[in-house]
Amino acid sequence: MVRFLLSIVAALFLTTSAEASEIAYNLGAGTYNYGTGQSRNETYDVALRINDPTLVGAKVKGVRIYFSSLDGISDTKAWLSKAVAVKSMKFTGADVETVDFEAAQGTNEVTFTPYTITEEGLYVGYTVTAAKDVAKQPIRLCSTASPDGFYIHSSGLYRSGWRSIGEAEGSLAIEVMLDGDFSDNAATAVGVPDVNAKTNSQNQIDFSLMNQGQNGIQNVDFTIEVGGETAEYHVNLSPAVAGYYGRLYALTANLPMVAEMGSYPINVEVTRVNGQPNGSATPTGTGFAKFYNTLPVKRPVAEEYTGLWCGWCPRGFVGMERMAEKYGNDFVGICFHNGDAMEIMSSSAFPVSISGYPSADIDRSIVIDPNLYDLEYAWSWYREQFAPLAIDVESQLDGDNLDVTAYVVSPLDMDNENYELSFVLTQSGMQNSSWVQSNYYGGLDDLKDGVMDWFCDQGTSVTGLVYNDVIIAWSGRAGIEGSLPEHFDGDVTFKYTYTFELDKAVNTSGSKLVQDKSKLKGIALVIDKTTGEIVNANQAFAGTSTVTGVDQRAASQDELVVNTLFFDLQGRRVLNPLSGSLLVKSETLRNGQVRTRKIFY
């Protein structure tokens with residue numbers, strides 16, 4: 001058993017006092033206001049939903065609602081309802097209780113007839129009418145993202161029905177006054193994830209503590225159990241979490257190391273709160289972990305479509321450069337030029353269809369604008385997806401050729417019907433004194449945003465730019481038939497080499513594009529031939545290799561497998577293995593040796 005001490009700094013939380021049987025349900029302190037942006041008088045119906053099994057039997061006594069301004073505010077009502085519905089584009093009304101109140105600036109406390117929360121949950125909300133162009137943002141929110149944190153219907157934008165927008169916008173910053181049997185010191189773990197993890201390695205998970213006690217959380221003890229291994233943690237929270245039921249505190253912690261491949265539940269149990277035994281009726285949060293001996297690193301590919309003639313394309317130039325600076329070799333960028341001296345194909349040959357310039361795609365799956373915000377948001381999402389194959393790359397110059405070798409490993413035994421390799425050659429550091437970049441940002445100070453400022457300070461034509469990650473040759477849009485085997489043995493490296501003839505790297509006018517061999521980069525892409533999408537990639541500059549944990553040696557003839565048998569964990573032979581089952585695989589090699597290992601089939 002391993003024990004850790006974590007010292008974590010969190011955002012400032014305010015404290016609250018409560019009577020022995022009272023607590024306020026609140027997802028976060030209000031920090032900003034919300035409005036739909038409609039230029040009309042608009043009535044807002046908003047609510048959060050209490051859907052926590054541990055609160056069944058507690059009584060709702062009232063609600064506190066905050067207005068930062070009363071300008072343009074009228075017809076305020078607080079209400080409780082077991083369900084919310086719309087008829088003829090109007091809220092049908094609360095089915096438990098509605099209380100009219102006269103709003104005051106600041107906190108408004110409204111009292112209800114005590115109502116007992118049942119297993120079906122409860123909506124707690126309010127209604128307010130906001131005057132056109134006066135009360136533009138009447139709804140107070142906190143930054144906590146929760147699907148039950150913010151439901152909305154309005155007479156304008158959301159008139160057709162109720163919508164849950166709490167994950168996108170944040171949660172209502174109302175306080176729901178509860179009466180019940182609440183412990184002084186109580187908390188649970190929520191949001192424990194399902195993860196892919198690597199055996200015999202440190203693997204982190206992110207989750208949250210949720211306060212359930214009147215004293216809040218100053219410190220906490222918890223355990224993480226997975227695969228029969230347990231780690232203990234003590235965490236000092238500074239500042240502390242206030243005594244509101246539902247307040248969250250984000251944590252990151254290491255899973256205990258697991259040696260064997262397999263699928264295991266993750267149990268995070270909060271054992272002590274503020275040095276006292278945890279008073280929560282539900283102290284444990286659960287997730288799930290799949291452990292692999294080889295855990296592929298996902299590297300999404302960003303392909304930008306640009307041209308010197310394109311006046312808005314500097315935002316793609318900046319976006320791609322910033323991403324490369326921030327994420328290094330994990331950011332695989334490929335720039336396709338059109339209508340200039342770096343063009344190597346017509347737009348009809350691009351790997352995806354685009355409607356204008358600048359454009360970009362991520363993994364040939366989604367087309368986006370290549371501004372830094374959109375680029376990073378989309379790329380980061382794809383980075384979190386599981387890659388079915390691990391890939392490393394080595395690029396070596398051989399005279400006027402560049403040999404790009406891909407080393408591919410599957411974490412599982414699997415038949416391969418979908419995946420093939422494709423290769424790209426890029427040149428960085430490209431420049432020419434005659435190249436002139438059109439720049440529509442020139443002189444537009446109102447477009448300065450901390451990202452495009454340099455181009456805003458330039459003229460409408462810019463010279464002297466250095467262009468990186470420019471595609472100058474490729475093996476083609478599709479994968480190469482036969483570049484990957486028909487069957488992968490788990491954790492066994494497959495090697496394939498593609499050779500670029502540098503003299504053939506020319507633009508559409510036939511001019512050679514190689515400017516600096518040391519800044520050539522070989523990129524290997526794993527293509528799903530059924531969709532045309534990229535599932536993983538890696539890259540290496542000429543004379544370098546990303547290979548670290550992957551065996552670069554090609555399997556010898558003596559190591560070829562001549563017979564394979566499968567057994568269950570009790571040693572019984574399995575003739576027809578089921579997909580997803582954990583088995584022992586026994587392989588007889590040509591040299592007579594037998595090797596065995598656990599696998600997911």
Side-chain angles (χ1 to χ4, degrees), residues 1-10 185-212 217-238 241 248-298 383-387 390 409-412 490-491 548-549 568-570 580-584 596-601:
M1 184 176 288
V2 186
R3 184 171 180 83
F4 299 90
L5 176 66
L6 300 183
S7 182
I8 299 175
V9 178
N185 304 286
T188 189
V190 297
V192 180
D194 295 341
V195 297
N196 298 298
K198 188 174 182 180
T199 55
N200 298 307
S201 300
Q202 294 285 358
N203 299 278
Q204 290 186 333
I205 60 169
D206 298 324
F207 63 97
S208 294
L209 297 174
M210 186 177 78
N211 180 60
Q212 298 173 320
I217 310 173
Q218 289 80 49
N219 60 75
V220 66
D221 294 83
F222 63 90
T223 63
I224 301 180
E225 188 277 327
V226 62
E229 303 292 337
T230 302
E232 291 185 350
Y233 290 89
H234 177 81
V235 182
N236 294 312
L237 280 59
S238 176
V241 174
L248 300 177
Y249 190 104
L251 287 176
T252 298
N254 288 326
L255 294 175
M257 284 192 185
V258 173
E260 294 285 338
M261 282 180 59
S263 299
Y264 309 103
I266 302 172
N267 296 304
V268 181
E269 181 182 1
V270 180
T271 56
R272 301 182 73 84
V273 179
N274 304 326
Q276 303 300 314
N278 185 11
S280 172
T282 56
T284 303
T286 60
F288 200 78
K290 288 185 177 180
F291 280 86
Y292 302 92
N293 295 329
T294 300
L295 184 63
V297 175
K298 171 64 174 172
R383 192 187 195 192
E384 296 301 316
Q385 308 312 302
F386 181 71
V409 180
S410 171
L412 304 173
D491 303 320
T548 53
D568 63 20
L569 299 185
Q570 286 73 46
S581 56
L582 182 61
L583 301 172
V584 175
T596 61
R597 64 186 185 278
K598 289 182 180 179
I599 60 132
F600 286 113
Y601 188 78

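- Shortest non-hydrogen contact noted between A387 and K298 is CB-CD, 4.1 Å.
- Taking CE of M210 as the reference point, atom OG1 of T188 lies at 6.5 Å (rounded to 0.5 Å).
- Side-chain atoms of F386 and L295, non-hydrogen and from C-beta on, do get closer than 4.5 Å to each other.
- For residues 187-210, the pairs satisfying ring pair (Phe, Tyr, Trp, His ring centres under 6.0 Å) are F207-F222, with sequence neighbours left out.
- In this structure, CG on N219 lies 8.0 Å from CG on L237, to the nearest 0.5 angstrom.
- If you take CD on E269 and CD on E232, they are separated by 10.5 Å, rounding to the nearest 0.5 Å.
- Closest approach of E260 to F291, counting heavy atoms only: O-CB, 4.0 Å.
- We find the CD-CG distance between Q202 and N254 to be 4.5 Å, quoted to the nearest 0.5 Å.
- The structure places CD of Q218 at 4.0 Å from CG of N274, a figure rounded to the nearest 0.5 Å.
- Contact of the V220 side chain with the Y233 side chain is not registered, since no non-hydrogen atoms from C-beta on lie closer than 4.5 Å.
- Distance OG1/T294 to CG/L412: 9.5 Å, rounded to 0.5 Å.
- Under a 3.5 Å cut-off, the side chain of T271 and the backbone N or O of D221 do form a donor-acceptor pair.
- Taking 4.5 Å as the limit, some side-chain heavy atom of I205 sits within range of a side-chain heavy atom of I224.
- With a 4.5 Å cut-off on side-chain heavy atoms, V226 and P256 count as touching.
- Not a single donor-acceptor pair under 3.5 Å links the side chain of N211 to the backbone N or O of L209.
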Listing, residues 276-283 side-chain donor-acceptor contacts under 3.5 Å, not counting sequence neighbours, or none:
| from | atom 1 | to | atom 2 | distance (Å) |
| --- | --- | --- | --- | --- |
| N278 | OD1 | A187 | N | 3.0 |
| N278 | OD1 | S280 | N | 3.1 |
| N278 | ND2 | A187 | O | 2.8 |
| N278 | ND2 | V270 | O | 2.9 |
| S280 | OG | Q212 | OE1 | 2.5 |
| S280 | OG | T282 | N | 2.9 |
| S280 | OG | T282 | O | 3.3 |

